[in-house]
Amino acid sequence: MSLATVSTGNLIRQQIIYKCYAMADLWRSLVVIQLIAIFFSAIGSGGMSTSDDMFSLSISSFSNDAVFMFTVFWILVSSALITSKGYRYEDFSYVTTRMISQVSNGILLLITVLTASLFTVMSNYVIYMAVYLFRDIEFYPGLASVGAPGELLLTFLAMTGYLLLASAVGYFFGVLIQISKYFIAIVPIMIFGPTMVRPLFIYEFGYDFYAQEPSVFLFLVKTIGTALVLYVCGVALMNRKEVREI
Amino acid sequence: MTVIECSHLEKRYSGGAGVKDADFTIQENTITGIVGRNGSGKTTLMKTIAGYLKVTGGEISVFGENPFNSLKVSANSMYLDEYTMFSNALTTKDILHHHSRFYPNWDAQLAQRLADYFSIPMRVGTDYLSKGQKNTFYGILGLAARCPLTIFDEPTTGMDASVRKDFYRALLKDYLAHPRTILISSHHLDEIDELIEDLLLIDGGRTVLHLPIEGVKEYAMAVSGPAGEVKNWSAQQDVIAHLEDQGSISTVIVKNHFTAAEKAAAGGLRFTPVSASDLCVYLTRRNIGGIDDVFSNSQHG
């Protein structure tokens, strides 16, 4: 029987197509988690009220911040899960190498992040509609909710940056746990250890380095750069890892 | 063409067991049965060939390459055992479909016909199949993919007797129509000795025997008779094992390379052929004695 010759590029494509089907739960959970967040957002977050003898005024603000936070958490967990044994072993039930398996994971996560960002941006409209339909209030839309296309693109890019960062952190953490279970304990110590000395260390660093960046371009460079470094480290660590070893 | 070449292959786990010294070559288009006791290293050896595990010593080459992280080996080989994993989000029908994208020789019609014949449910995930159905399904994948190297690790676990028979028959028919290299491990050599061409016996992580199955069947003889005569005659022979004495009758297993004259000299001793599966049992017997010895010093004794 003659040997089959296959190209790496084609196999990466086949693996991604496969993963899109096999990880249907991933997509399903995104929809569920966003719907929950939208529900909370439509109740309203933050607000103020004041009253006098003659009148009372109450202001509620609605935003998709909750959707965004839920999505960040979701991508963090999903990216870690993708490195787990079940998914890794499954790749080897078909044609793959460790490199192909990981590159296809990376591209799948990128697609997932872009989809999740798009959904999050769009969730604004869902919240807007829900409030409009179910709450008997006067509505003053803000810039971001029904903003101009440029505004939406800006939101989309910023969310993509944060989600990519969260995804790479989750992926790298997942890889470390696959290398040794001790990392479940070591990583939190490494992250929260410095906070003993300076309580808000992580928050300050994240805030100064990423959130305070005024240029969207530089923000994307920073987040994508960090994500790439973490992802490449993860791939390098996993490339020597055995599968189905027990 | 040589498909697999192992020289002093070693794969140790941190726990200890594994493969200690595997030394053999397997030629293209042969069916080789890999036989050995529990924990002898069969699965470790097969997973190393499939490129799942990293070797810790010696050399291995599959299709001329180190299988670990080799795309060529992955594309042309397939390892199937009862723990083969598929996402439960996919039905068995989906899995067949995805195989057709990965394996260029995939025969979709054969897969479908076999699945129908073995009554494999097509609309459920693999977790919902029974153990026997699952292994039958993996067997179908292995047959229909027509990989140049197909490795079945205990493929018949959980199958009932008739499915098992049918599976081996299907394997043989498809092999004859589309010759390829097949490795198959089993606890039941009796079942596969009609199927396999070569036998690779592993014991304690070492390859003990690698012969065509015909050679294995003629490898040894059982010689029985009165204890004294057997002892005298076998003194000059390669003795593989002494069996339990039955009263005054004693039996030894000797290598079948004695001359006709030596056989004639044996006089009243009885010579009987040793089946391949019995031979494997004798060759891999531990020196500490048989199961009877476990009981002989206890209260049962």
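Naming: A, B, ... by sequence-line order, numbering from 1 per chain.
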Glu242(A) side chain vs Lys54(B) backbone, donor-acceptor pair below 3.5 Å: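 Checked: pair present.
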
Donor-acceptor contact present, side-chain Ser123(A) to main-chain Thr120(A), <3.5 Å: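 Confirmed, Ser123(A) side chain pairs with Thr120(A) backbone.
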
SB check Asp25(A) Arg28(A) (cutoff 4.0 Å):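 Yes, charged N to carboxylate O under 4.0 Å.
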
Top contributor to chain A contacts, counting heavy-atom pairs under 4.5 Å, from Asn88(B), Thr181(B), Asp81(B):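 Result: the option with the highest number of such pairs is Asp81(B).
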
Among the listed options Ser101(A), Ala24(A), Ala4(A), the residue most often paired with chain B at heavy-atom distances under 4.5 Å: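 Counting heavy-atom pairs under 4.5 Å, the top option is Ala4(A).
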
Tyr162(A)/Phe219(A) under ring-ring contact (aromatic ring centres under 6.0 Å, His included): CA gap, chis, key distance, verdict: CA-CA 9 Å; Tyr162(A) 282 119; Phe219(A) 168 78; 4.9 Å; yes

Contact origin within His99(B) toward chain A - heavy atom pairs under 4.5 Å: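 For His99(B), heavy atoms of backbone and side chain both lie under 4.5 Å from chain A.
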
Positions in residues 65-80 of chain B that reach chain A, provided some heavy atom is under 4.5 Å away: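 From residues 65-80 of chain B, the residues near chain A are Phe68(B), Asn69(B), Ser70(B), Leu71(B), Lys72(B), Ser74(B), Ala75(B), Asn76(B), Tyr79(B).
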
Derivation and outcome, side-chain contact (heavy atoms from CB on, under 4.5 Å), residues Val6(A) and Asn10(A): CA-CA 7 Å; Val6(A) 285; Asn10(A) 183 42; 5.7 Å; no

Can you say whether [X] sits under 4.5 Å from chain B via the side chain, the backbone, both, or neither, judging by heavy atoms?
X: Asn239(A); result: both
X: Thr8(A); result: both
X: Ile100(A); result: side chain
X: Arg240(A); result: both

Residue pair Asn38(B) / His187(B), side-chain donor-acceptor N/O under 3.5 Å: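 Short answer, yes.
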
Candidates Trp106(B), Tyr103(B), Phe102(B) - the one meeting ring pair (Phe, Tyr, Trp, His ring centres under 6.0 Å) with Tyr94(A):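 Of Trp106(B), Tyr103(B), Phe102(B), ring pair (Phe, Tyr, Trp, His ring centres under 6.0 Å) with Tyr94(A) is met by Phe102(B) alone.
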
Derivation and outcome, salt bridge (Lys or Arg N to Asp or Glu O under 4.0 Å), residues Asp174(B) and Arg180(B): CA-CA 9 Å; Asp174(B) 200 57; Arg180(B) 52 201 194 259; 2.9 Å; yes

Lys/Arg cation over aromatic Tyr210(A): Lys222(A), 6.0 Å, 45° cone: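 No; the conditions do not both hold, so Lys222(A) does not lie above the ring face of Tyr210(A).
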
